Protein chains: 2
Amino acid sequence: MTPKDDETGEPAQPGRKRDPSRDASILEATLEVLAEVGAAGLTMDLVATRAGAGKATIYRRWTSKTQLVIDAVAHMKRNQVDLEHLPDTGTLRGDLLGLFKPQSIEEGERRLRIMTGLASLLSQEQALAEAANAAVVQPWAEAHLALMRRAVERGEISASADIGTLSLVIPSMAAYRTLVQRKPFDLPFLVSMVDGVIVPALRHPPSDGPRDSTAT
Amino acid sequence: MTPKDDETGEPAQPGRKRDPSRDASILEATLEVLAEVGAAGLTMDLVATRAGAGKATIYRRWTSKTQLVIDAVAHMKRNQVDLEHLPDTGTLRGDLLGLFKPQSIEEGERRLRIMTGLASLLSQEQALAEAANAAVVQPWAEAHLALMRRAVERGEISASADIGTLSLVIPSMAAYRTLVQRKPFDLPFLVSMVDGVIVPALRHPPSDGPRDSTAT
DNA sequence: AAGTTCCGATACTGCACAGTCTCGTTTTCA
DNA sequence: TGAAAACGAGACTGTGCAGTATCGGAACTT
């Protein structure tokens, strides 16, 4: 349910075509404004000005401010961690730390800043909370899960480890840290999480035998 | 900086005294409204009606809606986990699970619901983010830290474990889980966190020798 | 060329709500 | 007992903003 759908069955009308490039401009302007002033301070005039668009153009494509914001958040899902090109250093520790690319981190912090701005609407819009989680934390957790699965396959860690739960730990804590605590997601934090929590927990799984995770 | 201070030097004026019990009624009404409709939907009329108070009474005590909300959040700090009466089952696992009291959990979820409602203002008001963290997650993390320290003292876990970081894991993840993911903080989740993450990590500390946590 | 739909820009409308003011009543001190 | 201040209730005001309507101009179809 991205932008407002144009009429589906078209009997070939005359008139100017809708410029598809405006969609992206508007969505990106929305994210910028969101990151700068938060959802509470976001106004349609601000978005329109930032996008160099008229308000009518926005309302021709989206039915409401809420819908626009939801779509903008969903739009973030692109440029995400590439699950096809994960780091491969030979150890899980190296792989996890290898996800910390300055560029990737900068983008990640931007996402979290946007989520901070969003938070107002989270409480009212279930769809928005889902979109935010799917765009920011979910992909990151999937990357961690993939790295952990590989570590299990090569025998580095036990198959009985609760990697379903463990893969959520760092992304969730990073989100909370940025969202509420306002502390940077930096390398020292990542290292203390990897070395103090994840790697120790994986090296010493709870008990042998299959485990089910209820945290997924 | 709780309610608006009355005049300090008083030459013994006539007139009715300000009723101190109204402060608490108004703060609690604010928290109720916050939990129900979120900060975006919170209006002063709603708070006044819920508190059975006139708006003038509120504005006689607080300068603005923002100040009222900040004070209401700080007000939550009371009735917190009692650090003097922590569970003592003999094992860290038992102690951590012992914090899960239906009543305490109900209250904890209420706090998180309030924080969800708050989130809108988090991005704009640094003071509010700090108050929310101090009222909801901080006390919980302190309880965990105390339990972990005790486990170290009785030799159950190694002194080299990064308990500063580990004590933040469950409170932060619970907050994120409730705030964004909208999943209940229930016993299965707690068990998977304790058995899948915390206890394994503590039983197998990263390395021997002192560690410093950068996550505090 | 004519007609239609797009565009950015901007004026306009309607509403929701923060904050103030008023009123009739109650409490306290002199 | 009377002036002063606080109380609940609610009327009132001003503003900010979502959403709409209108403009002149540009692009596309026939």
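Scope of the values below: all heavy atoms of this structure, side chains included, with no hydrogens, waters or symmetry mates. Bear in mind that the values here come from a model prediction, so they are computed numbers and not experimental data. Within every chain, numbering begins at 1; the chains are lettered A, B, ... in the order of the sequence lines, protein sequences first and strands thereafter.
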Rounded to whole Å, the CG-P distance (B/Asp45 to C/dC21) equals 17 Å
Does B/Thr57 have a side-chain nitrogen or oxygen under 4.0 Å from the phosphate oxygens OP1 or OP2 of D/dG8?
yes
From CG of A/Asp19 across to P of D/dA27 the rounded distance in Å is 11 Å
Atom CD of B/Gln67 and atom C1' of C/dG19 are separated, to the nearest Å, by 15 Å
Atom OH of B/Tyr59 and atom P of C/dT20 are separated, to the nearest Å, by 7 Å
ask   = So does B/Lys17 get a side-chain nitrogen or oxygen closer than 4.0 Å to the phosphate oxygens (OP1/OP2) of C/dC29?
value = yes
* Assign A/Leu42 to base, sugar-phosphate, or nothing according to its heavy-atom contacts below 4.0 angstrom with the strands shown. => sugar-phosphate
Is there side-chain contact between A/Asp162 and B/Val197, with heavy atoms separated by less than 4.5 Å? no
Exercise. Do B/Gln181 and A/Glu130 have side chains that get closer than 4.5 Å, going by heavy atoms?
Worked result: no
(message) Looking only at the aromatic ring of each residue, does the gap between the centers of A/Phe185 and A/Trp140 stay below 6.0 angstrom?
(response) yes
Quiz prompt | C/dG8 OP1/OP2 closer than 4.0 Å to side-chain N/O of A/Arg22 | solution = yes
| Quiz item: A/Lys55 side-chain donor-acceptor pair to D/dG19 base, under 3.5 Å | yes
In whole angstroms, the gap separating P of D/dA6 from CG of B/Asp23 amounts to 13 Å
Closest to the 5' end of DNA chain D, once B/Ala56 and A/Ala56 are matched to their nearest nucleotides, is B/Ala56
When rounded to whole Å, the CZ to P distance for the pair A/Arg18 and D/dC28 reads 15 Å
In this structure, OG of B/Ser167 is separated from CD of B/Gln138 (nearest 0.5 Å) by 9.0 Å
B/Arg50 atom CZ is separated from D/dA9 atom P, nearest whole Å, by 14 Å
In whole angstroms, the gap separating C1' of C/dG24 from CZ of B/Arg16 amounts to 13 Å
The residue, A/Met44 or B/Thr49, whose nearest nucleotide of DNA chain D is more 5′ is B/Thr49
Are B/Leu42 and B/Lys65 side-chain neighbours, meaning at least one heavy-atom pair lies under 4.5 Å?
yes
